[in-house]
Amino acid sequence: MTTYSKGLRALTLATIGSITLALALVFFYAPLDADQGFVQKIFYLHVPLAIISLCGFVLGGLLAIGHLRTGDRVWDMRSYVAIHMALIFGIGGIISGSIWAKASWGHWWVWNEPTLVSFLIVLLLFATYQPLRFSIEDPERQARYASVFAITAGAFVPLNFIAVRLAQQFVHPRILTLGGGNLPGSMRLTFFVSLIGLALLYATLWKYEMTAKNARMQTRRLRRRLMGEDAVRPLGRSAAPS
Amino acid sequence: MKTAMAVLRKDITLELRTFETVPAMALFSLTTFVIFHFGLNRASVKGQLAAGVLTVTLLFAAMLGAGRLFVAEREQGGFDAFLLAPVDRNSLLVAKAAAMFIFLAVLELVAVPAFALLLLGPALWPRLLGLIAVLALADVGLAVIGTLVSAIAIHTRARDLISPIIGLPLLIPALIATARAAGPLLQAHTSGSPPGKWVAILALYDCVFGLVAYAVFDFLLEE
């Protein structure tokens, strides 16, 4: 029996600390952008959200490999939570990106923008993860099929980025080139601090959801043992593994 | 391999006796061309627009065919029989993907000449070989993903819904590459060979998803 609450408090404190530091850097340390002014600050939210969400999708695929290899349903739950959180981060990323695009390019949506378009495609694909789970009744099969989907979709993420990027001209600023892009040092520092802060937030939320699911599972098991099989009704239609 | 051949032979025989899937796909694509004619309000198309029309039509026809791929297995207990047999489970993937590829190739034998006749502005002949190469690579991708998605969707409650909503986003990179590779081929003046970059992407897509499908297909069959 594993518990996920271990280290949760330390992780939460680290998240609060790093996000506070990141916000302080964003508002008081990083210089104002010469062209875009204050609106450019959304960059420190939008880019980390998008990067973490993509990493979360791939992580979900890797965890799903663990499920198929071991047959242990815990891995499926981990993969589910990773994808679930990545979806939330991704929606945040695409909304903040849209706001930024409106402010700096004048349009809510720009098609000749490979990063935006490929991100949308990835979101569209992963948005089908939960409907797929919902429509399979048998929990064993649900876990297996969801893992197959997560692995396929995880492999899809990099390939999709290659295809869409080649299809379009570059408009989007390339921030994470190997040379560090053309960001000035203070901006780069702020960016990396917010990246770390949001990555910690992702890890914390993942851990919280795992803890909650685990606690619910154990409570149900105990109640069942105490009050008999009939006393604990099965969970209603839920796509989440439990 | 022998198992795969046996299942493939069964599928082909079934199709030849019932004429269920491929004629429906062909009819569907002809109707789609008519809709495109009116929707775009054009007597003929060329270049990138023509490539888009052809790609989208073939994609939807393929999704139609993929939905039928495992229906016989499910309704008549073919899955159980296959699981009882002491054979490699991946041969089912190979057989079904091969059947799907053959269905798509036959469909294109009808749909591409019909497209040339009904909608395509420039003549088909100078670009035929290049187009065949691009479509063959696209068919591999469509067949692999179609089989995988169909196998995932067949045991779900809303399987007619699930297979297209998963299949379409998964196929987007292949479709971008197909449309972009076919675009220059369908211009009024063409060199007759598709752009290498897009053919390479298409081949990469086929390889990656072929391997992924081969790795995960096992788990879709367990009981």
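We use all heavy atoms of the structure for the numbers below, so side chains are in, but hydrogens, waters and symmetry mates are not. In what follows, every chain begins at residue 1, and chains take the letters A, B, ... in the order their sequences are listed.
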Taking R68(B)'s backbone N and O only, do any of them form a donor-acceptor pair with E20(B)'s side chain (distance below 3.5 Å, no angle check)?
no
Contacting region of E140(A) [heavy-atom separation from chain B under 4.5 Å]:
neither
List the steps and the verdict of side-chain contact (heavy atoms from CB on, under 4.5 Å) for F219(B) and Y145(A).
CA-CA 8 Å; F219(B) 299 100; Y145(A) 279 38; over 6 Å; no
Could you look at L148(B) and say if it's the side chain, the backbone, both or neither that has a heavy atom under 4.5 Å from chain A?
side chain
Counting heavy-atom pairs under 4.5 Å with chain A, the top scorer among I165(B), V149(B), L161(B) is I165(B)
Contacting region of I162(B) [heavy-atom separation from chain A under 4.5 Å]:
side chain
Chain B: which of L125(A), N160(A), L124(A) shares the most heavy-atom pairs with it under 4.5 Å?
L125(A)
Checked I145(B), L168(B), V216(B) vs chain A; the most non-hydrogen pairs under 4.5 Å come from V216(B)
Any carboxylate oxygen within less than 4.0 angstrom of a Lys/Arg side-chain nitrogen, looking at R133(A) and D76(A)?
yes
What about the rings of F33(B) and F115(B), do their centers lie closer together than 6.0 Å?
yes
Within the side chain of E73(B), is there an N or O that forms a donor-acceptor pair under 3.5 Å with the backbone of F79(B)?
no
Please verify the inter-ring angle class for F149(A) with F126(A); under 30° counts as parallel, over 60° as perpendicular, anything in between as tilted.
perpendicular
So which of I136(A), I151(A), I121(A) has the largest heavy-atom pair count under 4.5 angstrom toward chain B?
I121(A)
Heavy-atom contact with chain A under 4.5 Å, split by part of F217(B)
neither
Testing L137(B), T178(B), I176(B), L171(B) one by one against Y205(B) for a side-chain contact (heavy atoms from CB on, under 4.5 Å), which residue passes?
L171(B)
Can you tell me which portion of A174(B) sits under 4.5 Å from chain A's heavy atoms? Options are side chain, backbone, both or neither.
neither
Max heavy-atom pairs within cutoff under 4.5 Å with chain A, candidates I166(B), L220(B), I201(B), goes to L220(B)
